[in-house]
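Comments concern the structure below.
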Amino acid sequence: MMKKLFSLLFVAMTMVSLAHATTFTFNDTISQTKDGITVRFALGTGQSNPAYVSEQLRVYAGNTITVSGGTITSVAIEFTKRGTKAYIPTLTASTGTVVSGGASTSETDVKTDTWTGSSSKVVFALEGSGQRVVKSITVVGTGGTTGGDEGGDEGGDGGDESGLNEEYV
């Protein structure tokens with residue numbers, strides 16, 4: 001009995017030690033793969049593609065953010081308001097729980113929405129009207145294969161394969 005208990009404890013500790021945080025920051029390459037985790041931005045049901053403009057990653061109403069690979073247990077998305085533009089109030093997820101960090105009131109007022117759960121893929125959707133500027137995304141999980149997430153996404157992604165305008169990639 002004791003041997004089984006120690007074996008289970010060892011397996012659990014090994015799994016926890018394999019989980020790590022991967023932080024994505026964005027420049028002119030918006031969709032990225034690191035440590036077997038892929039973050040991909042797409043048009044979704046929106047009218048404007050996510051875009052990297054004037055050193056800002058802008059996401060608009062209806063856009064989606066897909067995080068995939070391995071076992072993902074938490075995602076923290078840091079964002080701000082863009083100037084005087086309307087601010088998107090709601091971020092939803094295809095699975096798990098999203099806790100809002102509140103509404104950003106300026107380009108220097110960084111807020112963090114946090115997702116928790118356990119999944120190999122989470123599709124976030126920006127609902128409402130307006131836009132946000134994404135500063136970074138930190139994913140905690142065990143990682144997956146380095147090949148990324150190929151093919152189309154569930155959860156309302158639309159547009160071309162990348163979901164981005166070629167001029168901004």
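What's counted below: heavy atoms across the whole structure, side chains too, no hydrogens, waters or symmetry copies.
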field: Note, K34 side chain near F24 side chain (heavy atom, < 4.5 Å)
entry: yes
Any side-chain heavy-atom pair of T95 and W115 under 4.5 Å: yes
Which atom pair, heavy atoms only, marks the closest approach of [X] to [Y]?
X	Y	result
A61	S129	CB-CA, 3.8 Å
L91	F124	CD1-CB, 3.8 Å
V140	A21	CG2-CB, 4.0 Å
A93	V122	CB-CG1, 4.0 Å

Under 3.5 Å donor-acceptor, [X] side chain and [Y] backbone:
X	Y	result
D109	T105	yes
N27	T29	yes
R40	T66	no
T71	S120	no

- request: Report yes or no: do Q131 and R82 form a side-chain donor-acceptor pair below 3.5 Å?
  value: yes
Donor-acceptor side-chain pairing of T80 and E107 below 3.5 angstrom: no
Rounded at 0.5 Å granularity, tell me how far [atom1] in [X] sits from [atom2] in [Y].
X	Y	atom1	atom2	value
K135	T25	NZ	OG1	11.5 Å
K121	I72	NZ	CD1	10.0 Å
I37	H20	CD1	NE2	7.0 Å
S104	Y87	OG	OH	6.0 Å
I137	Q32	CD1	CD	9.0 Å
N49	L43	CG	CG	4.5 Å

Check the hydrophobic clustering (I, L, V, M, F, W, Y; side-chain heavy atoms under 4.5 Å; chains of links allowed) and say if [X] and [Y] are grouped together.
X	Y	result
V134	V110	no
V98	V139	yes
Y52	V39	yes

field: For T138, all residues meeting side chain to side chain donor-acceptor pair (under 3.5 Å), sequence neighbours excluded
entry: T23
query: How would you list, by chain and number, every residue that makes a side chain to side chain donor-acceptor pair (under 3.5 Å) with S106, sequence neighbours excluded?
result: T108
Salt bridge (Lys or Arg N to Asp or Glu O under 4.0 Å) between K111 and D113, intermediate numbers included: CA-CA 7 Å; K111 300 294 183 185; D113 282 352; over 6 Å; no
field: Residues which pass ring pair (Phe, Tyr, Trp, His ring centres under 6.0 Å) with F26, listed by chain and number, not counting sequence neighbours
entry: F41
query: Among T45, T92, I65, which residue meets the side chain to side chain contact (heavy atoms under 4.5 Å, CB included) test with L126?
result: I65
